[in-house]
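Here is how names work: the chains are called A, B, and so on, in the same order as the sequence lines, proteins then strands, and each is numbered from 1. We use all heavy atoms of the structure for the numbers below, so side chains are in, but hydrogens, waters and symmetry mates are not.
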Amino acid sequence: MDAIDALQVPKGVVEQLKSCLEQALVAVFGEAFTGTDPMLGPTSNPKFGDYQSNAPMALAKRLGKAPRAIAEELIQQLDVSEFCLPPAIAGAGFINFTLKPEYLEARLSAFQVDDRLGVEAVKKPKRTIVDFSSPNIAKEMHVGHLRSTIIGDCIARILEFQGHDVLRLNHVGDWGTQFGMLITYLREVCPEALTTADALDLGDLVAFYKKAKQRFDEDPQFQEQSRQEVVQLQSGSKETLRAWNLLCEQSRKEFQVIYNLLDICITERGESFYNSLLGSVVEDLEKAGLLVEDHGAKCVFLDGFQNREGQPLPLIIQKSDGGYNYATTDLAAIRYRIREDHAKRLIYVTDAGQANHFAQVFQVARRAEWIPEDITIEHVQFGLVQGEDGKKLKTRSGDTIRLRDLLDEAVDRARADLESRLKEEERHETEEFITHASQIVGISAVKYADLSQNRTSNYIFSYDKMLALQGNTAPYMLYAYVRVQGISRKGNIDFQNLGSEATILLREDAELTLAKHLLQLEDTLDAVSQDLLPNRLCQYLFELSQKFNQFYDRCPVLQAEEPARTSRLMLCDLTARTLKLGLSLLGIQVLERM
RNA sequence: GGGCUCUUAGCUCAGUGGAUAGAGCAACCGCCUUCUAAGCGGUCGGUCACUGGUUCGAGUCCAGUAGAGCCCGCCA
């Protein structure tokens with residue numbers, strides 16, 4: 001087969017093999033086996049080939065035959081010669097498939113002119129909302145916002161690349177009791193901040209917030225005033241709204257500094273956006289017969305949730321003072337996102353501590369029949385960021401770490417490391433180079449360290465580990481990319497112009513291993529867009545870097561004779577482009593030199 | 001008391017119901033006259049918390065036990 005055929009069969013290898021197996025199952029065992037899962041996956045060990053089917057063992061009971069006999073019959077009816085070597089039966093009844101070098105060569109050669117590197121855009125794009133980051137107005141962004149921001153951005157990037165229509169929403173905390181207490185406090189001690197722009201910077205605001213919170217916790221009268229202020233806000237008092245607006249504007253500027261640093265694009269649509277819709281949420285829940293008044297508050301009592309005394313737990317929709325809280329806002333947001341934004345997939349990226357809250361809100365929305373069957377709603381939760389002592393990450397003095405400081409330190413450390421290496425190697429680089437490289441390495445390291453862990457577990461934050469040059473880190477991968485660019489500089493190679501005759505030839509094991517991995521990008525992205533676990537993409541890119549480094553170690557490129565030389569140059573270029581694309585989906589930029 | 005998440009090598013962590021459970025770090029041993037050694041190869045390292053169950057097959061699914069973290073009525 002040649003490159004043209006490969007282009008006409010654009011489906012992933014796995015899909016092709018699966019459908020061949022499905023056809024064989026029907027051909028051998030009859031129509032009753034239509035739709036039987038062929039149980040195809042990558043092999044558990046490269047010595048078994050590339051893919052394995054476990055179907056014979058699964059079907060043994062149903063067919064009353066030995067697995068190996070079933071495998072034998074299946075193979076007879078199976079024609080995969082287009083892309084595989086003859087399949088082999090092994091062990092208890094596994095069917096092992098090994099891809100033909102010619103097939104790999106043809107597929108990869110086609111990637112040469114494909115910016116998407118073989119990854120097809122989805123046929124049915126879904127309107128998807130990714131709700132992430134969500135800092136609170138009047139507070140500084142801190143470590144707690146790190147994971148939501150990084151993971152949410154990554155998920156959005158991947159879904160966008162797959163062709164989905166993604167709306168990235170920043171559900172900022174710009175409403176609620178905390179706001180009331182801040183305005184109440186400022187009215188007392190710094191009234192000009194409520195009427196004049198830039199009267200305070202965010203640092204002051206944060207200090208005031210802390211004091212306000214203190215007052216709120218110990219002074220019942222202050223509490224009451226704060227609640228009243230919230231009611232004023234919610235009912236649209238002009239003066240309060242103006243003060244509120246000034247505070248928001250101040251915070252917004254500061255958030256943007258962080259988002260620029262992290263290269264994050266997001267649309268702000270805070271809690272306040274849903275303010276005018278809260279009343280109808282209450283009304284509709286009332287109509288649906290879900291609302292119960294208890295101690296003056298309007299609640300929905302939940303199925304499967306209890307308080308300490310074993311009583312059913314309420315979700316409070318409207319407080320006894322008439323104010324609304326976050327559950328109400330989240331319910332309004334669900335409705336708005338489905339009815340007005342026409343979202344088909346709703347994704348919330350917040351910490352695991354909010355799992356109860358979302359489970360409760362989703363339950364109420366379902367019982368109110370606001371979530372149609374064809375719409376999925378997911379809480380993408382993640383664990384705590386912990387210090388190296390295993391406790392919640394804090395500064396030495398016990399304060400919360402500002403996100404800004406955390407990122408600055410990562411960049412500073414990357415810079416110190418780079419400078420010491422330059423000195424050691426007696427290299428001289430411009431200030432511009434050093435600044436840029438440190439910036440990319442530092443920020444990438446923070447992002448990659450976070451994304452490379454399974455998000456559901458807590459994660460231990462360590463500058464030393466994330467900035468390490470060895471292992472599963474951003475610098476290791478950036479270096480693999482830089483190595484390719486080094487080859488092109490050394491050999492004066494223009495990867496865009498390797499000639500129309502250029503073809504990929506896979507002769508060495510290291511070449512074959514690398515080639516097979518390059519072909520798995522699509523499957524990897526499919527998996528990530530389903531389970532929303534970015535660490536799988538990280539794992540893929542890490543393995544790609546390892547396989548490239550092995551190839552680099554064993555196969556000379558520039559010194560090789562033609563046609564191997566051009567073929568290897570193509571493999572280098574494909575690797576670099578795959579790394580660049582993959583890292584970009586993690587929100588990480590590459591460097592040409594480092 | 002209830003709920004959620006977790007428990008895998010000395011450390012940090014992967015692991016789609018399938019074959020002999022993997023990686024990185026740390027430790028130790030090798031490899032630069034050859035494209036950046038920020039690399040590559042090798043050695044050492046395991047009662048997958050425990051007990052049952054489902055299954056042809058369980059680290060993976062179910063139940064229970066123990067331990068850790070987080071959450072649990074008017075904050076978000």
Side-chain angles (χ1 to χ4, degrees), chain A residues 39 41-45 47-48 52 54 57-58 60-61 67 90-94 96 134 136 171 173 175-178 181 213 216 227 271 294-299 304-311 313-321 323-327 329-330 350-357 359-360 381 383-384 386 388 390-392 417 421 425 427 452-454 456-460 462 464-465 468-473 475-476 478-480 482-484 486-491 493 527 531 535-536 538-539 542-543 546 549-550 552-554 556-560 572 593-594:
Chain A
M39 304 194 64
T43 52
S44 54
N45 188 318
K47 77 179 176 190
F48 299 132
Q52 64 182 58
N54 305 328
M57 287 163 294
K61 203 168 210 178
F94 301 95
N96 292 336
S134 309
N136 290 313
H171 193 76
W175 215 245
T177 308
Q178 50 158 12
M181 69 194 188
K213 172 91 171 100
F216 186 86
R227 293 215 174 95
E271 295 172 346
D294 193 66
H295 294 80
K298 292 181 177 170
C299 315
F305 292 91
Q306 302 176 342
N307 65 14
R308 281 172 220 277
E309 287 75 44
Q311 312 291 332
L313 195 71
L315 186 69
I316 292 172
I317 306 297
Q318 187 166 22
K319 300 189 279 188
S320 50
D321 64 6
Y324 304 103
N325 59 17
Y326 68 128
T329 309
D330 282 343
T350 81
D351 66 280
Q354 295 189 52
N356 271 336
H357 166 69
Q360 293 168 0
Q381 56 182 299
L384 280 177
Q386 299 171 311
E388 295 190 60
K391 295 190 177 149
K392 199 170 176 177
D417 185 70
R421 216 173 38 255
E425 296 168 12
R427 270 169 67 189
S452 60
Q453 306 250 342
N454 184 316
T456 53
S457 43
N458 291 347
Y459 132 70
I460 294 183
S462 159
D464 289 337
K465 285 198 172 138
L469 309 165
Q470 304 84 20
N472 190 5
T473 64
Y476 176 86
L478 292 173
Y479 179 61
V482 162
R483 278 186 135 177
V484 175
I487 291 176
S488 96
R489 278 191 300 276
K490 178 99 176 193
I493 306 296
D531 56 27
N535 65 302
R536 295 199 168 183
C538 294
Q539 190 67 29
F542 177 53
E543 284 169 8
Q546 279 183 315
N549 278 329
Q550 286 159 4
Y552 182 91
D553 197 52
R554 292 165 205 176
V557 178
L558 293 172
Q559 286 90 340
C572 287
R593 293 193 303 129
M594 62 194 283

Atom pair distance, as rounded to whole Å: CG in A:L384 and P in B:C4: 18 Å
Side-chain touch A:R421/A:L469, heavy atoms, less than 4.5 angstrom: yes
Side-chain-base donor-acceptor pair under 3.5 Å for A:N96 and B:A19: yes
Minimum-distance nucleotide to A:N356 side chain [options: B:G3, B:C35, B:A76]: B:G3
Nearest-angstrom distance from the residue atom CZ of A:R554 to C1' of B:G41: 7 Å
Pairing nucleotide - B:C13, Watson-Crick or G-U, each distance under 3.5 Å: B:G22
G-U wobble or Watson-Crick pairing nucleotide for B:A27 (cut-off 3.5 Å, both distances): B:U43
Contact under 4.0 Å: A:N325 side-chain N or O vs B:C75 OP1/OP2: no
Polar side-chain contact A:R421-B:A38 base: donor and acceptor under 3.5 Å: yes
Opposite nucleotide pairing with B:U33, Watson-Crick or G-U, both atom distances under 3.5 Å: none
Pairwise P distance for B:A9 and B:G15, with rounding to whole Å: 15 Å
Distance between P atoms of B:C13 and B:C6 (Å, rounded): 14 Å
Shortest side-chain distance from A:Q470, nucleotide among B:C75, B:C25, B:U16: B:C25
Along RNA chain B (nearest heavy atom to each residue), the more 5'-positioned of A:Q453 and A:P475: A:Q453
Span that lies between the P atom of B:U33 and that of B:A37, in whole angstrom: 12 Å
B:U7 - base-pair partner by Watson-Crick or wobble geometry, distances under 3.5 Å: B:A66
Shortest side-chain distance from A:M39, nucleotide among B:C35, B:G18, B:C71: B:G18
A:P314, nearest nucleotide to its side chain (from B:A14, B:C35, B:G73): B:G73
Distance, rounded to the nearest Å, where A:L469 contributes CG and B:A37 contributes C1': 12 Å
A:Q360 CD - B:C4 P separation (whole Å): 12 Å
Value in whole Å for how far the P atom of B:G2 lies from CD of A:Q311: 14 Å
Strand partner of B:A58, provided both Watson-Crick or wobble distances fall under 3.5 Å: none
Student check: side-chain heavy atoms of A:H171 and A:E271 closer than 4.5 Å: yes
Face-to-face contact A:F305 to B:G3 six-ring, under 5.5 Å, under 30°: no
Distance, rounded to the nearest Å, where A:Y476 contributes OH and B:A23 contributes C1': 11 Å
Atom C1', compared across B:G3 and B:U16: separation rounded to whole Å: 28 Å
Presence of A:T473 side-chain N/O under 4.0 Å of B:G24 phosphate oxygens OP1/OP2: no
Any N/O donor-acceptor pair, A:Q546 side-chain to B:A23 base, under 3.5 Å: no
Integer angstrom distance from the P of B:U55 to that of B:A21: 24 Å
Syn/anti state for B:C61 [syn: chi within 90° of 0]: anti
Pairwise P distance for B:G59 and B:G18, with rounding to whole Å: 10 Å
Rounded P spacing from B:G52 to B:U60 in Å: 14 Å
Check: A:K47 side chain, B:U20 base, donor-acceptor under 3.5 Å: yes
Distance between C1' atoms of B:C75 and B:G17 (Å, rounded): 44 Å
Spatial distance of atom CZ (A:R483) from atom CG (A:N549) [nearest 0.5 Å]: 4.5 Å
Minimum-distance nucleotide (side-chain atoms of A:S44 versus B:U5, B:A14, B:A19): B:A19
Along RNA chain B (nearest heavy atom to each residue), the more 5'-positioned of A:N472 and A:D553: A:N472
Is_stacked (A:F94, B:G18) at 5.5 Å, 30 deg: no
